[in-house]
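Working notes, beginning with the structure itself.
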Amino acid sequence: MKQHNEKSAAVLGLGKMGATLAKLLLAQGYGVTVWNRSTDKSVPLAEAGAKVAATPVEAVNAGNVIVMCVHDYAAANAILAPTEAADWKGKVLVQLTSGSPAEAERLEAWAEALGAGYLDGAIQAAPQQMGREDTPLYISGKKSAWEPALPVLKTFAGAPEWLGEGAGLASSVDLATLSGIYGTLMGFFHGARIMEHAGFPVDKYAGLLTGILSTFGEFIKYEGQLVHENRFAKTESPLSISVDASARILEQAKDAGINSAFPDYLAGMFRRAADMGLADEELSAMIKVLRA
Ligand SMILES: NC(=O)c1ccc[n+]([C@@H]2O[C@H](COP(=O)([O-])OP(=O)(O)OC[C@H]3O[C@@H](n4cnc5c(N)ncnc54)[C@H](OP(=O)(O)O)[C@@H]3O)[C@@H](O)[C@H]2O)c1
């Protein structure tokens, strides 16, 4: 990789996130070249001191670290295709567009064939939360690309976390954490219907639920450790408790005549665990249902 002594970067994509990244780089004294499909979004960046490239090729030629942040990989790939004519040698492409592990691996192969390093990143924060010490930013890709790009990444998040050399790891973490969040959110929305049916204010219920999230977090860490170590002997929470609780949630939905899609799935999964003879094991044994 080139020695990136010169603080120069290019940002391709000036949506809400890309524009924020470009502003953070400018604030840290980087020479920043920007490009966006709709040219109007470049205007405030130009006023803040960025150079506006007429084409993606021009942007790639101007920066040492090339940051991509657009809607999806299809857009990113279409923008990048003509840059095969640019000078990519010794540069690093930092792809912060959300995507799948397979898309990240394909783009890494593309960048490396042109002589560039590649990093894939998952941003788990809103634009206004970027640039803070606690901003969650997960990065994967070769160490040889991580090292020269680190100063740029530290502009986006005080302590970006390198997950490993596999380019797809950041997307995997993104999907896995989103899966956890969406599972919780669907449970929350079903809970809101239980509360509406009971005539209890949903905002108050939201407060009660968030009040238990830190102790619930400790419990998730504990169960995660058990799954990691393949330990399923009963210690904290026998799976049978969840078999019964999820059956009660389903029964109440049917009695109340509220939507039962979520408890149908939930109770169905726990019933399957019980049918596999896991009821008398720790909750961590649920992973055996999903591995089967
Ligand atoms: N915003 C967040 O809170 C957040 C948080 C974490 C991760 N992310 C990720 O960051 C990425 C960008 O998000 P954003 O919030 O900046 O989105 P956004 O405000 O909707 O901006 C989308 C960007 O993609 C460009 N784009 C879309 N389709 C295109 C195409 N076919 N060809 C060329 N450019 C195209 C848009 O260009 P035009 O201006 O020309 O339309 C714009 O620059 C996404 O992958 C998102 O998942 C966002």
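Order of appearance sets the numbers: ligands from 1, and atoms from 1 within every ligand. Please read these numbers as outputs of a predicted model, since none were measured by experiment.
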**Request:** Return yes if some donor-acceptor pair links the side-chain N/O of E281 with the main-chain N/O of L278 below 3.5 Å, else return no.
**Result:** no
**Message:** Under the rule for side-chain contact (heavy atoms from CB on, under 4.5 Å), what residues qualify as partners of L114, not counting sequence neighbours?
**Reply:** E84, W88, W110
**Close-range residues for ligand 1, whose non-hydrogen atoms fall below the 4.0 Å threshold** = G13, L14, G15, K16, M17, G18, N36, R37, S38, K41, C69, V70, H71, A75, I79, T97, S98, I123, A125, A126, P127
**Shared hydrophobic cluster for M286 and Y265 (ILVMFWY, side-chain gaps under 4.5 Å)** = yes
**Asked** Between E165 and K143, is there a donor-acceptor pair closer than 3.5 Å when you use the side chain of the first and the backbone of the second?
**Response** yes
**Request:** State the CZ-CD distance between R231 and E223, to the nearest 0.5 angstrom.
**Result:** 10.0 Å
**Asked** Can you tell which of L283, I287, L226 makes a side chain to side chain contact (heavy atoms under 4.5 Å, CB included) with F232?
**Response** I287
